[in-house]
Structures are given as C-alpha cells and as structure tokens.
Asker: 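Quick one: the structure is below, questions incoming.
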Amino acid sequence: MNRRSMSLPEKLLLLLFAAALLLPLISLFLFSFFGSWGKNSLLPGSPTLSGFRTFFARDFGTAIRSTAFSLLVSLATLIISVPAARALLSLRASTRHRLETVLYLPMLLPPVSVSMGIHKVFLRMGLTGTGAVFLLHMYFALPYVFSLVFSCYASWGMEHETAARNLGARFFPAFFRVHLPIYAQGYKNAFFMGFLISYSQYFVNFYLGSWRDVNFAMILAPLISGSNRNIASVYTLMYLLLGSLVLLVCSFERKKGQKRGGTHAGT
Amino acid sequence: MTRRRLKKLLPCIMAFPALALAASITLGSVINTFSEGLGYLPELHMEELTLQHFLSLFSDAAFQRSLWWSLRIAAVSTFLSVVLGAALAWLLAASGWRCAARIARLPVILSYMAAAVLIYNTFSRYGLVYHIVRLAGLEWSGPDIVFSSSGTAVILLYLFKGAPYIALSLAPIFARAMRDLRAAAWNLGAGRMSTFLHVIAPSGRRTMLTGALVLFNFDLTAYEGFSYLGPARPTALGVLALQTYQKADLRARADGMAISAVMIVFALLSAVLFSRALRREAGRA
C-alpha cells in the first residue's frame, strides 16, 4: 500500500485535497509577511514584520498566559480522568456504560447553552471570573481526555501493574517503573487533546470571563472582521506556532521514552 | 469489614471528581436553562411557570428562519465533511503518505476562530483566491461568499475543520481493512470503486456515524463560525440565543433561554437518534 499502487486519478485527488487544505495555510504565510496586497496588484506588496512587532508589543503576554492556562486546565483534567478511567474499568459493564454516558455529556451539549445556563448558578455560588472559566474549560475537555485515557487502559489493561504489586513492588516504584512507561504516551495524547480543547475555547471566556480571562481565541475575534489581514494572519500564525510547540514537546518526549526502551506503549 | 467496604467504595471515590464535574455542571446548566425558559426569573419578579416563551418561539418568524438556516448549514457541512473525509481517509490509507496525514492534522489543531481567519483571508473579496484568479488572467465576478446569506463561508469553515477530523479517525480503520480485505476483493473481481464502497467504507460506518454526530451537534449550535463569517440575517441559533438574552428588555431573557433550551433538546435528540443507529450498526456487525 504505497503511492505507487495508487491510480492516477487517486493521486490527483490526493493532491487536490492537499491543495485545498494548504491554500488557507499559504494565505496565512503570505498575509503574515506581506503588509498589503492591493485589489489591482498581481503580487503582494513589500515584505514587512510590522504585524509581528504589534503582536510582541501588545499581546504576547496574553498569548503566553492563555497557553499556560490551557496547560493547567489539561493537567487538572488528566488528573481527574486517570482515577475515573481506572475505576470505571473495575465496574460491571452496565454500570460502566451508564457512568461513561455521564462523562460524555459535555461533548454533546452546546457550549453556548451550557455557558448561558450555568452562569447564574456560578454567580449564586460566588464563583466568577477565572475560577468559573477554569471549571468550564475542564468540563469541555473532560470527555476527550477521559476517552483517550480510558481507551489506553482498555487496550493495555492493568495486569502489568497488578503483577508488579503482587510481586512486592511498593506503590511509587510500581507507578514510576511499570505504570508510567506503559501509559505515558496515552497520557500525553490525552493531555494534548485537553490542551487543544481549552486552547481553542472562545465562547466560555467571552461570556463568563473577566478582563483577566481574555485568551488567544478572543484576541483573534475582532481581527476577522477588521480590515488588517496582516495582523490577523500574524496572530493566527503565532496561535498555530504556540499550539504546535506544545505538540512538539509531547512528541519529543515520546521519542526520548522510546529510545530508553520504554515499552509497547510508545507505539 | 471496614476494609471490604472501603474496597467496594474505592471505584466511586476515584471516579467522583470527574463524575461530579460532568454531572453538576450538566444538571445545573440544563435545570437553569429550562427554568428560565419557562419564565422563572425571580430576580426580575417573574415567578410564574409558563410555556408562553417556548410557544411564542414557534410563531416567531426570526426564530424559524434561524432554526432552518442552522439545520441546513449543519446538515450540509456534516454530510460533505463525512463524504470528503471518507474519500480523504481512503487516499491517506492507500498512499501511506505521512506528509499528507500531517497536512490533514493541521486544521484539527486550529481553533474555529483561527480557522475562521484563514477562511476569511483565503475566500473573502481580495483574499488569496481572488488574487489567484486574477493572476491566471481571469476576472473575478463572483459574489463575496463571506458574510453571505447562503452561508458558504460558514460551510467552508466547518468543512475545513470537519473533513480532516473524519479522515484522521477513519484512516487507520481503512488501512486495516485494506490490508485484510482489499486483495481478496480484487481477486474476486471487484473494481477499485466497488471495493471502496462495498468493502472498505462499511468497515468505518460506526466511526462515520459517531463523527457525524459530533460534527452535526457542534455545527448546529456553534457560535464562532456563524457569528464571524455568517450574515447578519438570518442568524444561527447560538447567536440568536445570545442576542435575545442580552436585549435591553430584561424580560427577553426568558426567550433567550427558551432558544438555548431548544438547542439542548436538539443536541440530546440527535444523540439519541445517532446512538440508536450505532446500536443497530453494532447488532448488524
């Protein structure tokens, strides 16, 4: 199964798909590095870095804060998803399915309805601003993080860890030497997914957050309808770069783990 | 005895934080949405429960337009995402081309807001496509698809995000099916297209249905795409709910919450329909 076994129409179709996906990305790079592209000019105007200067002078702090916030949300979601997945595996199938449904509900409910509905409840509890936004980010990330952790346990089971404990290993050595090498990659995938969900939240921050909770997606919003394509593209590029950086760190760690001869978990 | 009881309770204790988070926010938001939709807003001295706000929605022309428009956009973009995503998955699996898989992953990493910027820069008037057309020596005569009432830019946004998502979920399933079944189908005389339609594609039917559920639900009730790439009229359900809720006349909050409740009902209804389809699918397998 390789490119040589594909027919010509299939190859052309694949190229067409790649072009359709790349076209918006090409526009991103072009408009990021070229200030203007007049309606009657065939080629873009002179190159400029003014968009980047604006970004670093005005919103770099917000971008870093937003990324750090999403990393924390993802970590907290992973921390509550791991014991939940382990617990659910030990339950009867019928009970497990019922509880799984509860955990998948945030994936089905519209963020607009949940944010509007829970706002007053949070206000009555005195939960406002960052705390409320943090909880809702965790809520929306939970089904994705949980499902990845759960599928990881369902695929590889917990026999290795149980065997280590039965052979006399204490909790922490069993955790660090047996548990982590097996599940680390699954956890990293789940962590990255949680990060993505939180990183791309817009409505929750827009509706429930205070001025301290302005995140990267929010600073992008007015740029869409604004006429400055250069700044809009630079901000989007930086958004993509920061997200990719987190992805890169996760993949880099994976390779390191594999080199150490971890386990089949890295596959 | 205490130890045994503790052992029995341990799974509940371990699952409690995640379940409490999911259940409490779901219940809190659903109960509050429906009670406000039913007119229960004590802070505005509205304490009488009534179906008035729900009933008035269905005679409201703006709501009806908004509902049909949102349903149309969600149905079209979900259908196209699944069809194009399945085709892309087939090509990814057949080519084994890692670079193509990486390109397909990029839109999934982007948020809807960032993807909306890309769609705007590419397809709006004087965007990249306009300049490519001009560079080819042609005249741009088409209407601006961004902010148009046809919703083309919104559909493009959802396709840009949805098709790669479906493709990446299906590609490993198709690759396995191709490894195990394709040669057999070809040996029995099946052509490329019929192998895909009758042998490979059915293996991913469950994933397609689940993916379609997630996409349809999101596309129907989303805010970002509609708000920033859609027209001012008609508005999508999510946008209409927020606009109504934030009207200067505070009594309109009940109407806004009624729209929000309708969105929840649609989301749950589509989840039930899809889960039935999944169960039927599992039974068939």
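Each chain gets a letter, A, B and so on, in the order the sequences are listed, and its residues count up from 1.
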Asker: Looking only at heavy atoms and a cut-off of under 4.5 Å, which of B/A18, B/A116, B/A267 has the most pairs with chain A?
Answerer: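 That would be B/A18.
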Asker: Below 4.5 Å from any heavy atom of chain A, which atoms of B/L229 appear? Answer side chain, backbone, both or neither.
Answerer: side chain
Asker: With a 4.5 angstrom heavy-atom cut-off, could you sort out which part of A/L21 is near chain B: side chain, backbone, both or neither?
Answerer: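 Backbone plus side chain of A/L21, per the 4.5 Å heavy-atom cut-off to chain B.
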Asker: Taking atom CZ of A/F175 as the centre, does the number of heavy atoms from other residues, nucleotides or ligands within less than 6.0 Å exceed 12?
Answerer: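 Buried by this count: over 12 neighbours within 6.0 Å.
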Asker: Based on non-hydrogen pairs under 4.5 Å, which of A/L91, A/V82, A/L22 is most in contact with chain B?
Answerer: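 It is A/L22.
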Asker: Report yes if some heavy atom in the side chain of B/M113 is under 4.5 Å from a heavy atom in the side chain of A/F216; otherwise report no.
Answerer: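 B/M113 vs A/F216: side chains apart.
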Asker: Considering only heavy atoms and a distance below 4.5 Å, find which of B/P107, B/A261, B/S260, B/A115 pairs most often with chain A.
Answerer: B/S260
Asker: Considering all heavy atoms of both residues, which atom of A/L196 and which atom of B/I109 are nearest to each other, and what is their separation?
Answerer: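 For A/L196 versus B/I109, the nearest heavy atoms are CD2-O, 3.4 Å.
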Asker: Please examine the side chains of A/L28 and B/N121, heavy atoms only from C-beta on, and report whether any two atoms are closer than 4.5 Å.
Answerer: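 No, their side chains stay 4.5 Å or more apart.
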Asker: For the CD1 atom of A/I80 and the CG atom of B/L21, what is their distance to the nearest 0.5 Å?
Answerer: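 Taking CD1 in A/I80 and CG in B/L21, the distance rounds to 5.0 Å.
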Asker: Measure A/F31 against the heavy atoms of chain B and call it side chain, backbone, both or neither at under 4.5 Å.
Answerer: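 Interface part for A/F31: side chain.
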Asker: So do B/L213 and A/L108 actually touch side chain to side chain, heavy atoms under 4.5 Å?
Answerer: yes
Asker: With chain B, which of A/P106, A/S233, A/S244, A/P111 has the greatest number of heavy-atom pairs at distances under 4.5 Å?
Answerer: A/S233
Asker: Looking at OH of B/Y228 and CG of A/L220, how far apart are the two atoms once the value is rounded to the nearest 0.5 Å?
Answerer: 10.5 Å
Asker: Using heavy-atom distances under 4.5 Å, tell me whether A/I79 contacts chain B through its side chain, its backbone, both, or neither.
Answerer: neither
Asker: With a 4.5 Å cut-off on heavy-atom pairs, point out which of B/V30, B/L220, B/L242 contacts chain A the most.
Answerer: B/L242
Asker: At a 4.5 Å cut-off on heavy atoms, which part of B/I132 comes close to chain A: side chain, backbone, both, or neither?
Answerer: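 When you check distances to chain A, only side chain atoms of B/I132 fall under 4.5 Å.
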Asker: Looking at CG of B/L27 and CG of A/L105, how far apart are the two atoms once the value is rounded to the nearest 0.5 Å?
Answerer: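 Those atoms lie 9.0 Å apart.
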Asker: At a heavy-atom separation under 4.5 Å, does A/F206 approach chain B through its side chain, its backbone, both, or neither?
Answerer: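 Contact with chain B involves the side chain of A/F206 alone.
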Asker: Could you tell me whether a side-chain N or O of A/T236 sits under 3.5 Å from a main-chain N or O of B/A114, the two making a donor and an acceptor?
Answerer: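 No, the answer is negative, given that no donor and acceptor are paired below the 3.5 Å cut-off.
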Asker: What are the two closest non-hydrogen atoms of B/G28 and A/V121, and how far apart are they?
Answerer: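 Scanning both residues completely, I find the closest heavy atoms to be O-CG2, 3.8 Å.
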Asker: Between B/Y126 and A/R229, does the side chain to side chain contact (heavy atoms under 4.5 Å, CB included) criterion hold? Intermediate values first, please.
Answerer: CA-CA 10 Å; B/Y126 315 134; A/R229 288 177 200 271; 4.1 Å; yes
Asker: Any sub-3.5 Å donor-acceptor pair from B/N32's side-chain atoms to A/G117's backbone N or O?
Answerer: yes
Asker: Can you tell if the side chain of B/L268 reaches within under 4.5 Å of the side chain of A/L109, non-hydrogen atoms only?
Answerer: yes
Asker: Return the CG to OG1 distance between A/L25 and B/T122, rounded to the nearest 0.5 Å.
Answerer: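 So the gap between those two atoms works out to 8.0 Å.
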Asker: So which part of A/F203 gets closer than 4.5 Å to some heavy atom of chain B, the side chain, the backbone, both or neither?
Answerer: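 Looking at A/F203, backbone and side chain both touch chain B.
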Asker: Just give me the residue among B/I25, B/L159, B/L19 that pairs up with chain A most often, heavy atom to heavy atom, under 4.5 Å.
Answerer: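 When all of B/I25, B/L159, B/L19 are compared, B/I25 has the most.
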Asker: Where does A/Y104 contact chain B at under 4.5 Å (heavy atoms): side chain, backbone, both or neither?
Answerer: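 Contact with chain B is absent: no heavy atom of A/Y104 under 4.5 Å.
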Asker: Identify which part of A/L223 has an atom lying under 4.5 Å from any heavy atom of chain B, answering side chain, backbone, both or neither.
Answerer: neither
Asker: For A/P24 versus B/F160, what's the shortest heavy-atom pair and its separation?
Answerer: CG-CE1, 3.7 Å
Asker: So for A/L23, is it side chain, backbone, both, or neither that comes closer than 4.5 Å to the heavy atoms of chain B?
Answerer: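 Both backbone and side chain.
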Asker: Would you mind telling me which of A/I197, A/L240, A/L88 has the largest number of heavy-atom pairs within less than 4.5 Å of chain B?
Answerer: A/L240
Asker: What residue among B/L92, B/L91, B/I103 forms side chain to side chain contact (heavy atoms under 4.5 Å, CB included) with A/F17?
Answerer: B/L91
Asker: Please state whether the side chain, the backbone, both or neither of A/L30 comes within less than 4.5 Å of a heavy atom of chain B.
Answerer: side chain
Asker: Could you look at A/Y207 and say if it's the side chain, the backbone, both or neither that has a heavy atom under 4.5 Å from chain B?
Answerer: side chain
Asker: With chain B as the partner, which of A/G243, A/S90, A/A232, A/A221 has the greatest number of non-hydrogen pairs under 4.5 Å?
Answerer: A/A221
Asker: Under 4.5 Å heavy-atom distance to chain A, tell me which part of B/A104 shows up: side chain, backbone, both or neither.
Answerer: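 Answer is both: backbone and side chain atoms of B/A104 are under 4.5 Å from chain A.
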Asker: Which region of B/F16, side chain (C-beta onward) or backbone (N, CA, C, O), has a non-hydrogen atom less than 4.5 Å from a non-hydrogen atom of chain A, or is it both or neither?
Answerer: neither
Asker: Between A/M218 and chain B, with a heavy-atom cut-off of 4.5 Å, which part of the residue counts as in contact: side chain, backbone, both or neither?
Answerer: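 Neither; nothing under 4.5 Å.
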Asker: Any chance you could lay out the side-chain hydrogen bond (donor to acceptor under 3.5 Å, both in side chains) test for B/S111 and A/Y202, step after step, and finish with the verdict?
Answerer: CA-CA 9 Å; B/S111 72; A/Y202 168 77; over 6 Å; no
Asker: For each of B/T26, B/I13, B/T33, tally heavy-atom pairs with chain A at distances under 4.5 Å, and name the one with the top tally.
Answerer: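 Heavy-atom pair counts peak at B/T26.
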Asker: So which residue, B/L128, B/V214, B/V129, ends up with the most heavy-atom pairs under 4.5 Å with chain A?
Answerer: B/L128
Asker: Chain B: which of A/A87, A/S113, A/S200 shares the most heavy-atom pairs with it under 4.5 Å?
Answerer: A/S113
Asker: Within the 4.5 Å heavy-atom criterion, are B/E36 and A/M116 side-chain neighbours or not?
Answerer: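 No, too far: nothing below the 4.5 Å cut-off.
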